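Here the structure comes first, spelled out in structure tokens, and everything after it is commentary.
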Amino acid sequence: MVRLPLTPEQVEAGARLGALLRELRGDRGLDEVAHAATMSPETLRKIETGRLPSPAFGTVVRLADALGVSVEELADVWRDGAAFEAAS
């Protein structure tokens, strides 16, 4: 199976998601949140910095649970930056 390259819009959406995750993490350490979401700190770092702009659905669900937000909130930010901009 060949994975198609991400579009510029998808890369931008991943950057918005990463920024929101950093904001939601607040003063909690990267290791703490990664552990709560059952992923490596490096994976979380890649998502937060936009180097992994399209994480797997299960990863997003675990992050939402670890950060105490809904999957819908994270999806809205990935879909359309307006929700994030209004929250900032």
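Keep in mind that the numbers below use all heavy atoms, side chains included, and drop hydrogens, waters and symmetry copies. All values derive from a computational prediction rather than experimental measurement.
Taking both residues in full, the closest heavy atoms of Ala66 and Ala36 are given as CB-CB, 3.8 Å, listed atom of the first, atom of the second, then distance. For the pair Ala13 and Trp78, the tightest heavy-atom approach, listed with the atom from each and the gap, is CB-O, 2.9 Å. Closest non-hydrogen pair, Thr49 versus Lys46, comes out as OG1-O, 3.4 Å.
Residue pairs meeting the salt bridge (Lys or Arg N to Asp or Glu O under 4.0 Å) criterion with at least one partner in residues 50-60, sequence neighbours excluded, are Glu42-Arg51.
For the atom pair NE2 (His35) and CZ (Arg28), the distance works out to 11.0 Å, reported to the nearest 0.5 Å. Considering CG of Leu67 and CZ of Arg25, their distance stands at 9.0 Å, rounded to 0.5 Å. Separating the CG atom in Asp80 from the CZ atom in Arg16 is a distance of 6.5 Å, to the nearest 0.5 Å.
Using a 4.5 Å cut-off on side-chain heavy atoms (C-beta onward), Pro55 and Leu17 make contact. In this structure, Leu63 and Val71 have side chains that are not in contact, with every pair of non-hydrogen atoms separated by 4.5 Å or more. Put simply, the side chain of Leu74 reaches to within 4.5 Å of the side chain of Leu24, judged on heavy atoms.
A salt bridge is absent between Asp65 and Arg62; no separation between the charged side-chain nitrogens and carboxylate oxygens falls under 4.0 Å.
Hydrophobic side-chain contacts under 4.5 Å tie Val11 into a cluster, directly or through other members, with Leu6.
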